[in-house]
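To keep things clear, I will list the structure first and then write my remarks on it.
Keep in mind that this is a model prediction, so the values were computed, not measured.
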Amino acid sequence: MSTLAQTMMTARPADSGLAGPGELDRYSYAEPHAAERVAPPAWDGPDTDLGRAGRRAAGSRGRGLHGQLVQQLGQMIVSGDLGADRPLVPEEIGQRFEVSRTVVRESLRVLEAKGLVSARPNVGTRVRPVSDWNLLDPDIIEWRAFGPQRDDQRRELCELRWTIEPLAARLAAGHGREDVQQRLGDMVEIMGHALAQGDGITFSRADAEFHTLLIQLAGNRMLEHLSGIVSAALQVSGGPVTGCDRPNEVSLTHHARIVDALAASDAVAAESAMRQLLTVHPEVERVVPAPREH
């Protein structure tokens, strides 16, 4: 057993449900189910505590006032509470959310960079249509996945993963970097231990690390640039869509098959194992056909 795997396995009691020191910084983790999330308040609702409610909704993310306002406004835009071409008046936002002009200004700049809003002289800041959004932005992926567009978002993510990850697995088999392959094996070992202990949090973190490492091993910088999309997809996968969505023995077996294929430099087997992993559940067959065995 490697040092990394042993450290993760002993970092905390398996049934505690709590992350050990440093784990949150290293491993991605799944967002809570949609039913557990606080829905954004309506912009024009009668709630006089709108600003305070908004901060409570996003406060668990630990982003500070600036990040919380980005989160709140982003959710409201993506959910349709703030429709296309809706004017956003900084003074009104600051008053309703009880934040300074500086916080509002910086938050709107972030949203503008994501394509959600536009600011023009003599026009002001307005919400942009969906066609202008950066749909590959991890935050927008998350906001869509827990909003009214959740079904479309998860289907689209699944289709995108089918484009990215089998190719990454095939390319990774030709690079033979033993250090990265060892880390992939560590992740499978951690996932196996977590599965045995019923520890879904550690399983999902090791799973996300596995897929990120695999894309990095492919040696294609453009694919590597898309690794954040895969991580976001794993974090928001809220239903039985792929083998990575719920810890189970079948998922673990396919992850192990990928590692074995990489160690043998078998590109065809690595690609096939990844396709099998992404079609563990029959529901996926409505999105993409089942893979052919080579």
Side-chain angles (χ1 to χ4, degrees), residues 19 23-34 36-40 54 57-82 106-117 127-165 167-168 187 201 203-216 218 220-239 241-242 244-245 278:
E23 288 185 42
L24 287 177
D25 294 330
R26 179 172 176 78
Y27 295 97
S28 301
Y29 57 95
E31 289 282 349
H33 189 273
E36 299 172 358
R37 298 167 65 89
V38 180
S60 63
R61 300 176 67 85
R63 295 182 173 183
L65 288 177
H66 165 260
Q68 292 167 23
L69 185 58
V70 170
Q71 170 82 356
Q72 189 68 30
L73 292 176
Q75 287 177 331
M76 295 173 76
I77 292 170
V78 170
S79 69
D81 289 341
L82 296 176
E106 292 303 318
S107 298
L108 291 177
R109 284 179 180 173
V110 172
L111 294 174
E112 186 174 16
K114 296 177 184 293
L116 295 179
V117 305
V127 176
R128 298 170 73 174
V130 178
S131 57
D132 292 341
W133 298 355
N134 178 7
L135 296 179
L136 299 184
D137 182 279
D139 281 335
I140 295 180
I141 289 174
E142 176 190 330
W143 298 334
R144 290 186 71 208
F146 291 101
Q149 304 170 41
R150 64 177 68 87
D151 292 339
D152 287 340
Q153 176 66 101
R154 288 169 180 163
R155 174 183 55 80
E156 291 166 3
L157 284 171
C158 182
E159 292 170 347
L160 190 58
R161 289 186 65 191
W162 259 78
T163 302
I164 295 171
E165 295 194 78
L167 173 61
M187 293 305 111
I201 295 176
F203 188 100
S204 65
R205 290 173 179 165
D207 188 18
E209 180 80 354
F210 179 97
H211 289 270
T212 298
L213 285 169
L214 183 66
I215 292 175
Q216 292 174 354
N220 184 305
R221 290 181 183 243
M222 296 187 72
L223 275 180
E224 188 172 341
H225 186 71
L226 299 176
S227 64
I229 299 170
V230 174
S231 295
L234 288 166
Q235 291 175 22
V236 303
S237 54
V241 179
T242 73
C244 298
D245 291 344
L278 296 177

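Ala218 approaches Ala168 most closely through the heavy-atom pair CB-O, 3.6 Å. The shortest non-hydrogen separation linking Pro148 to Ser79 is CG-O, 3.5 Å. For the pair Trp143 and Gln75, the tightest heavy-atom approach, listed with the atom from each and the gap, is CD1-CG, 3.6 Å.
The distance from the CG atom of Leu167 to the CG atom of Asn220 is 7.0 Å, given to the nearest 0.5 Å. Rounded to the nearest 0.5 angstrom, Gln72 CD and Leu65 CG are separated by 12.5 Å. If you take CG on Asn134 and CG on Leu111, they are separated by 12.0 Å, rounding to the nearest 0.5 Å. If you take OG on Ser227 and CD on Glu165, they are separated by 10.0 Å, rounding to the nearest 0.5 Å. Once rounded to the nearest 0.5 Å, the distance linking CG of Leu82 with CG of Leu73 reads 7.0 Å.
Two residues are said to be in side-chain contact when any heavy atoms from C-beta on lie closer than 4.5 Å; Gln153 and Arg150 fail this criterion. Side-chain contact between Ile215 and His211 is absent, with no heavy-atom pair separated by less than 4.5 Å. Between Glu106 and Leu69, the closest side-chain pair of non-hydrogen atoms is not below 4.5 Å.
Gln149 contributes a side-chain N or O that, together with a main-chain N or O of Val78, makes up a donor-acceptor pair within less than 3.5 Å. Judged purely by atom type and a 3.5 angstrom limit, Thr163 uses its side chain to pair as donor or acceptor with the backbone of Glu159. A donor-acceptor pair under 3.5 Å is absent between the side-chain atoms of Arg161 and the main chain of Val230, judged by distance alone.
Residues passing the side-chain hydrogen bond (donor to acceptor under 3.5 Å, both in side chains) test with Glu224, sequence neighbours excluded: none. Scored by the side-chain contact (heavy atoms from CB on, under 4.5 Å) test, Asp151 finds no partners at all (sequence neighbours excluded). In this structure Val110 satisfies the side-chain contact (heavy atoms from CB on, under 4.5 Å) test together with His66, Val70, Lys114, sequence neighbours excluded. Considering only residues two or more places apart in sequence or on other chains, Leu160 meets the side-chain contact (heavy atoms from CB on, under 4.5 Å) condition with Leu136, Ile164, Ile229. Scored by the side-chain hydrogen bond (donor to acceptor under 3.5 Å, both in side chains) test, Gln216 finds no partners at all (sequence neighbours excluded).
Between Glu209 and Arg205 there is no salt bridge, since no side-chain N of the basic residue sits under 4.0 Å from a carboxylate O of the acidic one.
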